[in-house]
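Note on naming: letters A, B, ... go to the chains in the order of the sequence lines (proteins, then strands), and numbering restarts at 1 for each one.
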2 protein chains.
Amino acid sequence: MPTSEPGPEPDHGPEPAPPTYDKYAFEPFAVTVDLAVFTVRHQELLVLLVERGEDPYAGRWALPGGFVQPREAADAAARRELAEETGLPQPVVEGLHLEQLRTYSDPDRDPRMRVVSVAHTALVPDLPEPVAGSDAAGARWFPCAPHGFRAPEPLAFDHDRILGDAYERICAKLEYTGLATAFCPPAFTLGELQQVYETVWGTALDRPNFRRKVLAAPGFVEPAPGARRRTSQRGKPAVLYRAGGAAVLHPPLLRPVAAPPEGQDI
Amino acid sequence: MPTSEPGPEPDHGPEPAPPTYDKYAFEPFAVTVDLAVFTVRHQELLVLLVERGEDPYAGRWALPGGFVQPREAADAAARRELAEETGLPQPVVEGLHLEQLRTYSDPDRDPRMRVVSVAHTALVPDLPEPVAGSDAAGARWFPCAPHGFRAPEPLAFDHDRILGDAYERICAKLEYTGLATAFCPPAFTLGELQQVYETVWGTALDRPNFRRKVLAAPGFVEPAPGARRRTSQRGKPAVLYRAGGAAVLHPPLLRPVAAPPEGQDI
DNA sequence: GCAAAAGTGTTGGGAGTACACCCATGG
DNA sequence: CCATGGGTGTACTCCCAACACTTTTGC
């Protein structure tokens, strides 16, 4: 019961805390954001990485990210960093899908000092490759699925783990949210939407059934004004849709079962 | 492209950063953990709150929590705080279900200084009320569901929001994980398990179907050694089970649909 | 015997899958 | 007229919600 915390009690202080606290009395924490930015292009799921020019892990690739500023919330910092590192105009970035993943707080995750990082995932439609040229030495999209992650080396810091968690999360979220529309342009065809699912999950889906399920989920997509559009050179032009307002899908679009579930009996 | 971050680049530094960084050059961040600890007792979902004795929000109730120490990961800090505030012995706490919820980083969430809090949820079986007496002025279980949250005042800081997020999360996680067993003692009956679901969700479930679904999900529960046990005074004693090893349920136990889904068309 | 809780059986409707089939367009 | 992608229809299967029924205990 004697709390081993020294000093200030900024958030919770049931015990008789010292009447004054010194913010600078302790080893400071730094707080950063890291971003796993995904896009889908040419039937591949890509993730944005930047090449480090600085000492720890110099020359290695890493997730983009940076410091949370003194009067900035983590999600605002993530949005700002995303704008800076992709070169996208601010208004575009404001509308993008951005979501907190989780926080990584291992004391030794950065060799220089104590850095707690709030990781986020961002989903963007196929961008006109403006990526490099921000303040990163190098910046590139790397294939991530369905043919496996293909980056030159292990990533800096614990970013391999963060990227793995992020990929797992978006795979799962495609099932029960309308997230997939974030990979598509403002108006898209159901064929394009299906390609997003097939690319991220790495599985083929039955087109008629996919179509029915998407249209059966209220608020997932709604008809978009404008003429039909052709996806490839051939074939019938498809009707355009835009993202609906629903956050969660009822009923969900479940992934086809590939391997038998991991029951540990036999 | 000119990064507006001043100074050190501990995690990501593509630009020509200063060759040395001063950890103390900036307004320091504090990192805390907050805990939403739930239990089920007498057909009620309860949440553990502590009464603040200190100045900001003095006298108000708050989620337990505290500082992350300089060489401690966030989940370790959460486990330590949980042990301290509940008075549970360390070995018991080590086995408890604890999970990161999300991180709250609004710059003004604490009036004194910049505090970033990594919130966690913890699920415990019905404890022998050892709660108060740790380092909290007051500590109590408050009803949270199914009859609504009934605490004396609004909670301190942004803890109302954290608690709401935590409740939503555990409701959802009961569907597709074996989480509900964390509310039960080591050996439990299927009737007790069903009561957990009914209490958290606030809905009645069909007993025969519940039983079948639980037993059909591989690794959810497995027979426990020991004699049958009586849940109440009357009725047939029930077979005992213990938690299986499965993390996710195949197939999931879906909540019965109460309200029509939130489609925004008509 | 009766009430209460555990456990088993049965059945009808609905959802999802796997197809076959037609439509529109470019070459 | 054929290849290609969009869109519709249909039948079969399996799951599952609903409810009846049996079993085991305390009083």
Side-chain angles (χ1 to χ4, degrees), chain A residues 42-43 174-176 184 187-199 201 203-218 220-224 226-242 249-258 260-261, chain B residues 42-43 175-176 184 187-199 201 203-218 220-224 226-242 249-258 260-261 263:
Chain A
H42 303 140
Q43 345 252 56
L174 287 197
E175 288 191 318
Y176 59 96
C184 298
F188 52 87
T189 70
L190 293 187
E192 290 167 341
L193 187 63
Q194 182 175 349
Q195 282 226 352
V196 168
Y197 276 90
E198 293 182 330
T199 300
W201 285 348
T203 61
L205 300 174
D206 182 83
R207 188 166 38 80
N209 294 332
F210 177 81
R211 159 181 218 76
R212 262 185 295 261
K213 287 196 223 177
V214 168
L215 297 178
F220 187 8
V221 299
E222 57 192 26
R228 293 158 165 257
R229 196 179 72 197
R230 200 174 325 286
T231 302
S232 67
Q233 300 309 329
R234 313 277 278 250
K236 179 180 180 176
V239 177
L240 291 176
Y241 293 87
R242 62 172 172 232
L249 303 184
H250 290 284
L253 270 92
L254 296 178
R255 230 174 315 192
V257 285
Chain B
H42 303 139
Q43 346 251 56
E175 287 191 318
Y176 59 96
C184 297
F188 52 87
T189 71
L190 294 186
E192 290 167 341
L193 187 64
Q194 182 175 351
Q195 282 226 352
V196 168
Y197 275 90
E198 292 182 331
T199 301
W201 286 347
T203 61
L205 300 173
D206 182 83
R207 189 168 38 78
N209 294 333
F210 177 82
R211 160 182 215 76
R212 262 186 294 264
K213 287 196 225 178
V214 168
L215 297 177
F220 187 8
V221 299
E222 56 191 27
R228 293 161 165 257
R229 196 179 71 196
R230 199 173 328 284
T231 302
S232 68
Q233 301 309 329
R234 310 277 276 253
K236 180 179 180 175
V239 176
L240 291 176
Y241 294 87
R242 62 170 171 234
L249 302 185
H250 290 284
L253 271 92
L254 296 177
R255 230 176 312 193
V257 286

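Both B/Pro251 and A/Val239 lie close to DNA chain D; mapped to their nearest nucleotides by heavy-atom distance, the more 5′-ward contact belongs to A/Val239.
Checking the phosphate oxygens (OP1, OP2) of C/dA6, no side-chain nitrogen or oxygen of B/Arg211 falls inside 4.0 Å. Phosphate proximity of C/dA6 to B/Thr231: present, with a side-chain N or O under 4.0 Å from OP1 or OP2. Checking the phosphate oxygens (OP1, OP2) of D/dC15, no side-chain nitrogen or oxygen of B/Lys213 falls inside 4.0 Å.
To the nearest 0.5 angstrom, B/Leu240 atom CG is 9.5 Å from B/Leu190 atom CG. A/Leu215 contributes atom CG, which lies 10.0 Å from atom CZ of A/Phe220 (distance to the nearest 0.5 angstrom).
The distance between atom CD of B/Gln194 and atom P of C/dA4, rounded to the nearest whole Å, is 17 Å. In this structure, CZ of A/Phe210 is placed 16 Å from P of D/dG5, rounded to the nearest angstrom. Rounded to an integer number of Å, the gap from CG of B/Leu205 to P of C/dA6 is 14 Å. Rounded to whole Å, atom C1' of D/dC15 lies 17 Å from atom NE2 of B/His250.
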**OP:** Would you sort out whether A/Arg229 and A/Glu192 count as a salt bridge (charged side-chain N to carboxylate O under 4.0 Å, His left out), showing the intermediate values?
**Re:** CA-CA 11 Å; A/Arg229 196 179 72 197; A/Glu192 290 167 341; 2.3 Å; yes

Pairs: protein N or O with nucleotides 19-27 of chain C N or O, under 3.5 Å:
from: C/dG26; atom 1: N2; to: A/Arg234; atom 2: NH2; distance (Å): 3.1

